[in-house]
Amino acid sequence: MSGSKIISVAACLVAAVMLTGPAYAEEAGIFDEYRAMFGDDNPAIFVIEEGEEFWFASQGPKQATLESCDLGLGPGVVDGAYARLPRYFKDVDRVMDVEARLRFCMQELQGRTPEEVDDHPYSLRGDLGTEMEALVAWLAEKSRDLPIAPGQEHDKEREAYALGEAVFYYRAGPHDFSCATCHGQEGMRIRLQALPDLTTHEGAAVAYSGWPAYRISEGVVRTMGWRMRDCFRQQRFPLLDMGSDVTVALQTYLAVTAAGAPMAAPGLKR
Amino acid sequence: MKIKITFVLWLAGCIGFVQAEDMSSALNAGFKSINQVGLDRLEQDPLQAFCSKPREESGDAAVAAELRETAMASVVLPGNGDYLGSWERGQQVANNGKGLQYSDNPEEANGGNCYACHQLDPAEVAYGNLGPSLTNYGARGQSDVMLQYTWTKLWNTHAYNVCSHMPRFGAQGILTEQQLKDVMAFLFDPDSPVNNLAE
Amino acid sequence: MAGKIRIRAQLDGDTCEVKALMRHPMETGLRKDQAGEPIPANYIEEVTVTHNDKVVVHGYWGAAVSANPFLGVRFAGGQAGDKVTVSWRDNTGETGEGETTIR
């Protein structure tokens, strides 16, 4: 007998609990209680580890790592880089978010094709996580608690903000929805899901700082790029391209509105 | 015709330094068609364009009035004045949030997703608040005026409120005439749970 | 990445806190795919946690546990450098395991 004794077994994620409607009731505080039961347990800690391994893994035709990828603070600098995105990159003469930049580095440094990189960036139902999700989770962790500070010096950065704002209010499709339909007023919700007002600093800060996040209901880390894509799906729009000017512009609009607030990702969401 | 001209003028004047053609090319480059959802969904009609101004800027009142009139003129009332279908089926339409997303099966009927934004049956706790509560809607009576007003709101909400957030369920072909009748019954029928308030 | 379990084991006073993420679809057998065909059941049935090769947790799971289960366990008596393992076996006979040392 070594004296080892089981004290408690906790936090198996039980699907049945999560699929009932009222468990989504963030307003009623039920989800907050549920989240409190996790304490500081966030399964994203393991996805962050995977992300770090992907960064240092030799991949692609060039069998190279991403170690010399320049995320805006110089080649290989990852500390604080996420919080400074989206920003203008001279080598490509455009504004990029974290996914657009990683996509670029995978092609440039590792020689991977756009087809391969774009094929499956976000987990589909039943997937156990992707390289992109893991890398973004790790990079966000490297900016934890740092203020959101996207670039707004370069003309193209300001153009991205203006395009992002215009896209935010752009109504189209059979349902006439824009981002603003759901995210342009305070205190609103769809069913029981609370909707941040993304036109205010407070709302944008809560939304922007918490992504990427581990989605308990899906068992994977989701990125801000995925969040945008899935909003547009529900807006009845076509498929939003990862790293496209539209997604970069929207993230610029959000990040500028949220600027100054500390990053708190990877977060934990329902 | 007049609407089209003012629409072009507005785009040239008010969208800040994002030109309409830049917006259009960014959108077309930023999205891919998938399953049944094509890039044509990114094109705006005059009403959508008028209602896409940032920061609640209000548009030209004359244009707004014309858009309202056009919306009103487009409303197709049900034949023989028969507005009310089955509230049971209407309840299903109100609960169903699917339809017209690329993840949806186009063979299946679209939903109205009313609960996303409105309270209806008071026993349903999972309702949104983007729109007003419609609980006890039937208390407003079943006069011809109420029936036609409600049908018009469902068919094309912009006939009354030019930049309402609500979808145009009839005008955009989201729901069929029969589904609209069923939703009408869900709202008006005295036996519908919408109108049966618990003590 | 299926099969590999990521584990952290950290001392908190005189107890050791173990956290583990298992990559597993945890299919209930009740869901259907897009074509309407049932998706076969595939879920973890048995989970074991050991400390220096001694079993400290042995549990039976079922289809109600979510995909990619996250397990948290605390036991007394661990020391920095001790070996901790977590392993599972699912209803198809597949197994997965991971190993770490207490920090």
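As a basis for the values below, the full set of heavy atoms in this structure was taken, side chains included, without hydrogen atoms, waters or symmetry mates.
Near-neighbour residues of residues 237-244 of chain A relative to chain B, defined by a heavy atom under 4.5 Å from a heavy atom of that chain, comprise F237(A), P238(A), L239(A), L240(A), D241(A), S244(A). Listed in order of number, the residues of residues 86-94 of chain A that approach chain B to under 4.5 Å between heavy atoms amount to none.
Looking at L100(B), both its backbone and its side chain come within 4.5 Å of chain A, counting heavy atoms on both sides. Contact of V248(A) with chain B is not made at all, since no heavy-atom distance falls under 4.5 Å. For chain A, the nearby part of A29(B) is the backbone; its heavy atoms alone come within less than 4.5 Å. Interface remark: F168(A) contributes no atoms to any contact with chain B (heavy atom separation under 4.5 Å). Of the atoms belonging to T181(A), heavy atoms from both backbone and side chain fall under 4.5 Å from chain B.
If you take OG on S52(B) and CG on D176(A), they are separated by 9.0 Å, rounding to the nearest 0.5 Å. In this structure, the separation between CD1 on I190(A) and SG on C117(B) is 6.0 Å, given to the nearest 0.5 Å.
Qualifying side chain to side chain contact (heavy atoms under 4.5 Å, CB included) partners for N156(B), counting only residues two or more places apart in sequence or in other chains: A71(B), S74(B), V75(B), H158(B), R168(B), A171(B).
Between Y170(A) and L27(B), some side-chain heavy-atom pair lies under the 4.5 Å cut-off.
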List, one per line, each side-chain donor-acceptor pair under 3.5 Å for residues 140-149 of chain B, sequence neighbours excluded.
{"from": "Q142(B)", "atom 1": "NE2", "to": "F188(B)", "atom 2": "O", "distance (Å)": "3.4"}
{"from": "S143(B)", "atom 1": "OG", "to": "M146(B)", "atom 2": "N", "distance (Å)": "3.2"}

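For the pair R171(A) and F50(B), the NZ or CZ position fails the cation-pi test of under 6.0 Å to the six-membered ring centre and within 45 degrees of the ring normal.
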